[in-house]
*Asks:* 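Pasting in a structure now, in structure tokens, and then I'll have a few things to ask.
Nothing fancy with the numbering, it's 1 onward along the sequence. As the structure lists them, so they are numbered: ligands from 1, and atoms in each ligand from 1.
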Amino acid sequence: MNLHGTAQIGENHHLWIGGMDTIDLAKKYGTPLYLYDVALIKNRARGFKKAFEEKGIGYQVAYASKAFSSIAIIQLLDQEGLSLDVVSGGELFTALQADFPAERIHFHGNNKSPEELEFALNAGVGCIVVDNFFEISLLKTLCRKRNQKIKILLRLTPGIEAHTHDYIITGQEDSKFGFDLGNGQADAALKEVLDFELFEVLGVHCHIGSQIFETDGFTLAIEKLFNHFHTWDKECDFFPKVVNLGGGFGIQYTSEDTPLLPEQYVTAMIDEVSRQMNLFEDKQMPELWIEPGRSLVGDAGTTIYSIGSQKEIEGVRHYVSVDGGMTDNIRPALYQAKYDAYVANKMNEKPSNTVSIAGKCCESGDMLIWDLELPNVTDSDYLAVTCTGAYGYSMANNYNRIGRPAVVFVENGDEQLVVKRETYEDLIRQDLPLKTKVFV
Ligand code: LLP
């Protein structure tokens, strides 16, 4: 059994998180229910920050809010002193509604619309991570029109793609994001942005992938970037004040996953940057920024479901259905992502069956977990699926007109509802009735 953060088995054999009985919460708020272990989130945020502070490095840890965007999580991470990465007008709006300081917001995206860029300029975001030539020209027009200066980073694709234990080095990356370092796009982009007086070019950004368990991909990316900075120093008299190395730090969804501690990733990055800086005589160490999403909120999230119907096909499979599925967690269907789960009200019982957990959507692919060892269960039982905090709620949808679950934060024996469950009325809120005879 792999319990995360403050999760533990209570004397009543229930799963407790943040000092709260998850079964009491399920009964109070209904299921499915997303629970977040606030202490674990704080712990992660502090772990990342401490690693930079111990090395005396200028830094920003920006929470990648695509992992889970809501007013409460943004307020929590503001209290922890983090910065924020937003990738759309909607994420920016949420951040501003949470009173997150605009100067600590970084605006990302490969196709920011003119309206979104204008929104960001009005809000006074701390920087825009410029992704492509089209965006440079849009942003120039807007800055000129408004006579407004803006801080920018250039998003670079260094030709390293990292995922879990593997990384691929490609001379030229086939990615929709950023300016390619290998084919001259990055050089052309740099010249263009340096030439425009209303841009303050802070530095560069790169994000090499997600759910990464090794430091090699990051150190290779740093090596590639800094090699290139020698050319930029000579040819453009430019050396970055900020190097943003993105997110992608892995978490342990199941025992197959072997992530490092947050501080291990950060320390490896700092050491490699310091090594590279030895090759520059007269330059100041740049600030290092990172953008963790999953590793801040992923394993802090647990989804509690009610168990419903079961179907046993002798010698084939035993299906156990829950009252959610691909509407609240699309990752198994979309990425074949693997999860662990426990019977939250029978944590003491030994597994006796191999079952597969099905969602309730009218879709055969709506399966949450294949071949899970569980004790006998009935429709009075609750299933806790762990590590659902990242890209769960944020990728939730209303397929089959199923409402999105509520979100509750738990900490130190206290709970707080931070996102309400969607009602049937919420589901039809945007619908308009057909005008009679309109199509006749
Ligand atoms: N920075 C940038 C520029 C990114 O594109 C991402 C994630 C992050 C930071 C945060 O990465 P993290 O630390 O969360 O791995 N929906 C997929 C993940 C997509 C990640 C996209 N970019 C999933 O559920 O696995």
*Asks:* Report the residues that fulfil ring pair (Phe, Tyr, Trp, His ring centres under 6.0 Å) with Phe179, sequence neighbours left out, ordered by chain and then residue number.
*Replies:*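 Only Phe133 meet the ring pair (Phe, Tyr, Trp, His ring centres under 6.0 Å) criterion with Phe179.
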*Asks:* Run the side-chain donor-acceptor check on residues 240-251: report pairs under 3.5 Å with partners two or more places apart or on a different chain.
*Replies:*
| residue | atom | partner | partner atom | Å |
| --- | --- | --- | --- | --- |
| Asn244 | OD1 | Gly246 | N | 2.9 |
| Asn244 | ND2 | Glu291 | OE2 | 3.2 |

*Asks:* Excluding sequence neighbours, so at least two apart, what forms side chain to side chain donor-acceptor pair (under 3.5 Å) with Arg144?
*Replies:*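 Checked Arg144 against side chain to side chain donor-acceptor pair (under 3.5 Å); zero matches.
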*Asks:* Side chain of Asp323, backbone of Ser306: donor and acceptor closer than 3.5 Å?
*Replies:*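 At least one qualifying donor-acceptor pair exists.
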*Asks:* Side chains of Ile136 and Phe196, heavy atoms from C-beta outward: is any pair under 4.5 Å?
*Replies:*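 Ile136 vs Phe196: side chains apart.
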*Asks:* For a quick check: using heavy atoms under 4.0 Å, what are the residues in contact with ligand 1, sorted by chain and number?
*Replies:*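 Residue list for ligand 1: Ala64, Lys66, Asp85, His108, Arg155, His205, His207, Ser210, Gly247, Gly248, Glu291, Pro292, Gly293, Arg294, Arg331, Tyr335, Tyr391, Met395.
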*Asks:* Less than 6.0 angstrom from the centroid, inside 45 degrees of the normal: does Arg44 satisfy that with respect to the ring of Phe48?
*Replies:*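 Not flagged: Arg44 not positioned over aromatic ring of Phe48.
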